[in-house]
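Here the structure comes first, spelled out in structure tokens, and everything after it is commentary.
Along the sequence shown, residues carry numbers from 1. Counting starts at 1 for both ligands and their atoms, following the listed order.
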Amino acid sequence: MRNTEFKSFFDFDQFKQKMANLNATRHFIIVDSNTLEHCLPQLDLMAIPSLQDAELIEVEPGEQSKTIEVCSGIWKTLLEADADRKSAVINLGGGMITDLGGYVAAAFKRGIRFINIPTTLLAMIDAAIGGKVGINLDHHKNQIGHFADAELIWVHPSFLKTLPDRELISGKAEMYKHGLIADASHWGELMNGDRIPDTEQIFNSIRIKLGIVETDQRESGNRKLLNFGHTIGHALEAWAHQVGYDTRHGEAIAAGMMVESLLSKDILGLSKNELIEIQQVMLLNYDFSLWKSLSFDDIMPYLLKDKKNESERVNFTLLHSIGNSSIDHFIAPDLIKSALSKTQEMWR
Ligand SMILES: NC(=O)c1ccc[n+]([C@@H]2O[C@H](COP(=O)([O-])OP(=O)(O)OC[C@H]3O[C@@H](n4cnc5c(N)ncnc54)[C@H](O)[C@@H]3O)[C@@H](O)[C@H]2O)c1
Ligand SMILES: [Zn+2]
């Protein structure tokens with residue numbers, strides 16, 4: 001599927017029609033217990049004829065299901081149900097389900113078609129689009145996977161009505177990121193809009209992500225723009241998981257965006273007013289107490305492990321201004337340490 005077809009992602013009639021045109025021999029819907037409870041009934045109500053006799057495959061919710069063991073269980077179910085190469089997998093869930101189900105489909109019989117119906121904000125604007133699928137290996141995230149495009153994607157923002165607020169706001173961090181790296185008016189709309197993003201805002205985030213991905217399918221250049229907030233964010237997330245703190249990806253990314261915005265001011269001259277605007281939005285929406293007292297040494301090992309680094313200098317995507325960013329800024333640890341501790345003062 002070409003990424004520019006994304007306008008049709010929101011069109012239910014087109015989705016229904018394309019589902020019929022798939023001519024799949026069998027349909028398998030992968031859900032977790034939450035999407036089984038909250039999202040499947042909505043799908044049933046919409047009466048998509050080709051899904052009427054679909055087989056349901058349920059996995060436990062949460063990141064612990066993104067494993068080869070769970071895949072193996074699903075592959076056995078598919079085999080026992082005589083799934084063939086013309087069968088289709090429908091992923092009804094958040095990023096965990098779209099990553100897992102996409103991986104299952106991409107590997108089964110050398111690849112069967114999969115359809116993504118994202119039900120979290122993060123999956124709608126990030127995980128379910130852009131062609132990456134995968135699973136974790138022990139505690140190493142997303143280490144096993146493929147580039148594989150969904151045959152079809154249907155984005156239905158009504159699913160967000162039952163999504164817990166913490167998941168919603170975590171997913172919204174990636175939308176703020178989209179505005180910061182590529183579109184000042186998207187940032188402005190989010191900043192002044194309601195807590196739950198509207199369809200137009202979701203649409204704009206998808207447009208920005210796919211616009212970037214399309215120029216760099218294999219993540220060798222421009223796609224690194226999407227890493228804004230993630231160099232620090234991933235290190236904070238890895239540290240939190242290691243010490244056993246409960247955190248969400250977007251919460252770590254929001255913290256990462258604060259630190260990396262300060263670096264953007266130091267290195268690229270991001271204006272003071274814009275820096276303050278970014279800091280205020282993050283402080284208003286996220287709780288950073290988890291990270292207020294960690295030391296730079298706690299996260300340094302994770303920062304240095306990044307394969308995009310050059311010797312001891314760490315690779316960042318930074319902002320010139322809100323809506324304008326660039327990749328490959330290599331920064332020495334001293335400067336990062338100072339940006340982290342200055343930002344931590346705001347977290348107290
Ligand atoms: N492939 C990619 O490009 C990409 C990009 C970003 C993230 N990811 C992956 O996405 C995953 C995180 O995705 P996520 O944040 O969507 O998490 P998730 O899929 O675990 O969903 C979060 C929680 O919300 C529940 N849920 C989902 N939809 C719901 C709904 N409509 N109502 C009520 N509850 C609902 C889930 O059961 C789960 O408990 C990670 O594994 C991450 O690695 C992948
Ligand atoms: Zn992210």
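The single protein non-hydrogen atom nearest to atom 26 (N) of ligand 1 is Leu163 CD1, 3.9 Å, given as residue, atom name and distance. Looking only at protein heavy atoms, the nearest one to atom 20 (O) of ligand 1 is Met96 CB, 3.7 Å. Of the protein's non-hydrogen atoms, Asp99 OD2, 3.3 Å is the one closest to atom 44 (C) of ligand 1. Looking from atom 21 (O) of ligand 1 to the surrounding protein, the closest heavy atom is Thr120 CG2, 3.6 Å. Of the protein's heavy atoms, Thr162 OG1, 2.7 Å lies nearest to atom 32 (N) of ligand 1. For atom 6 (C) of ligand 1, the nearest protein heavy atom (residue, atom name, distance) is Asp126 OD2, 3.5 Å. The protein heavy-atom contact nearest to atom 39 (O) of ligand 1 is Asn34 ND2, 3.2 Å. Protein heavy atom in closest approach to atom 17 (O) of ligand 1: Gly95 N, 4.1 Å.
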Item checked: Residue pair His234, Tyr302: steps toward the ring pair (Phe, Tyr, Trp, His ring centres under 6.0 Å) verdict -> CA-CA 8 Å; His234 276 150; Tyr302 301 107; over 10 Å; no
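Checking Glu174 against the Zn ion (ligand 2), an N/O/S atom falls under the 2.8 Å cut-off.
Looking at Glu260, His249, Glu237 one by one, the single match for side-chain hydrogen bond (donor to acceptor under 3.5 Å, both in side chains) with His230 turns out to be His249. Of the candidates Arg195, Arg248, Lys172, Arg195 is the only one forming a salt bridge (Lys or Arg N to Asp or Glu O under 4.0 Å) with Asp165.
Considering only heavy atoms from C-beta on, Ile202 comes within 4.5 Å of Leu160 through its side chain. Side chains of Phe159 and Pro118 form no contact here, defined as non-hydrogen atoms less than 4.5 Å apart.
Ligand 1 has an N or O atom lying under 3.5 Å from an N or O atom of Lys66, backbone or side chain. Between His38 and ligand 1, a contact under 3.5 Å exists for no N or O pair. Residue-to-ligand polar distances keep Ile97 apart from ligand 1: every N/O pair is separated by 3.5 Å or more. The distance criterion of under 3.5 Å between nitrogen or oxygen atoms is not met by Leu122 with respect to ligand 1. Checking only distances, Phe159 does come within under 3.5 Å of ligand 1, N or O to N or O.
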Under 3.5 Å, which donor-acceptor pairs link side chains of residues 43-61 to any protein atom two or more places apart or in another chain?
| from | atom 1 | to | atom 2 | distance (Å) |
| --- | --- | --- | --- | --- |
| Gln52 | NE2 | Ile48 | O | 3.1 |
| Glu55 | OE1 | Arg26 | NH2 | 3.3 |

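Heavy atoms of Thr119 found under 4.0 angstrom from ligand 1 belong to the backbone as well as the side chain. Residue-level proximity to ligand 1 for Val133 is absent, since no heavy atom of it falls below 4.0 angstrom. With a 4.0 Å heavy-atom cut-off, ligand 1 is reached by the side chain of Glu63 but not by its N, CA, C or O. For Thr35, every heavy-atom contact with ligand 1 shorter than 4.0 Å involves the side chain, none the backbone.
In the vicinity of Lys141, heavy-atom distances shorter than 4.0 Å reach the ligand 1 atoms 40 (C), 41 (O), 42 (C), 43 (O). Of all atoms in ligand 1, numbered sequentially from 1 with element shown, those under 4.0 Å from a heavy atom of Asp32 are 36 (C), 37 (O). Atom numbering of ligand 1 starts at 1 in the shown order; those under 4.0 Å from a heavy atom of Pro61 are 37 (O). Ligand-side atoms of ligand 1 in range of Gly94: 16 (O), 19 (O), range being under 4.0 angstrom from any heavy atom.
Aromatic ring centres of Phe12 and His156: separated by at least 6.0 Å. With ring centers used as reference points, Tyr176 lies under 6.0 Å from Trp187. Between Phe10 and Trp154, the ring centre distance reaches or exceeds 6.0 Å.
Within the 3.5 Å criterion, the main-chain N or O of Ile327 finds no donor-acceptor partner in the side chain of Thr317.
Look at Cys39 and you'll find a heavy atom under 4.0 Å from some atom of ligand 1.
For NZ of Lys337, the number of neighbouring non-hydrogen atoms (other residues, nucleotides, ligands) closer than 6.0 Å is 12 at most.
Rounding to the nearest 0.5 Å places CG of Leu263 at 9.5 Å from CG of Leu268.
Ion pairing of Glu63 with Lys141 is present here, as a side-chain N (NZ or NE/NH1/NH2) and a carboxylate O approach within less than 4.0 Å.
Counting only non-hydrogen atoms, the option in Ser65, Ser33, Ala127 that gets closest to atom 4 (C) of ligand 1 is Ala127.
Geometry about the Zn ion (ligand 2) gives an angle of 100° between NE2 of His249 and NE2 of His230, rounded in steps of 10 degrees.
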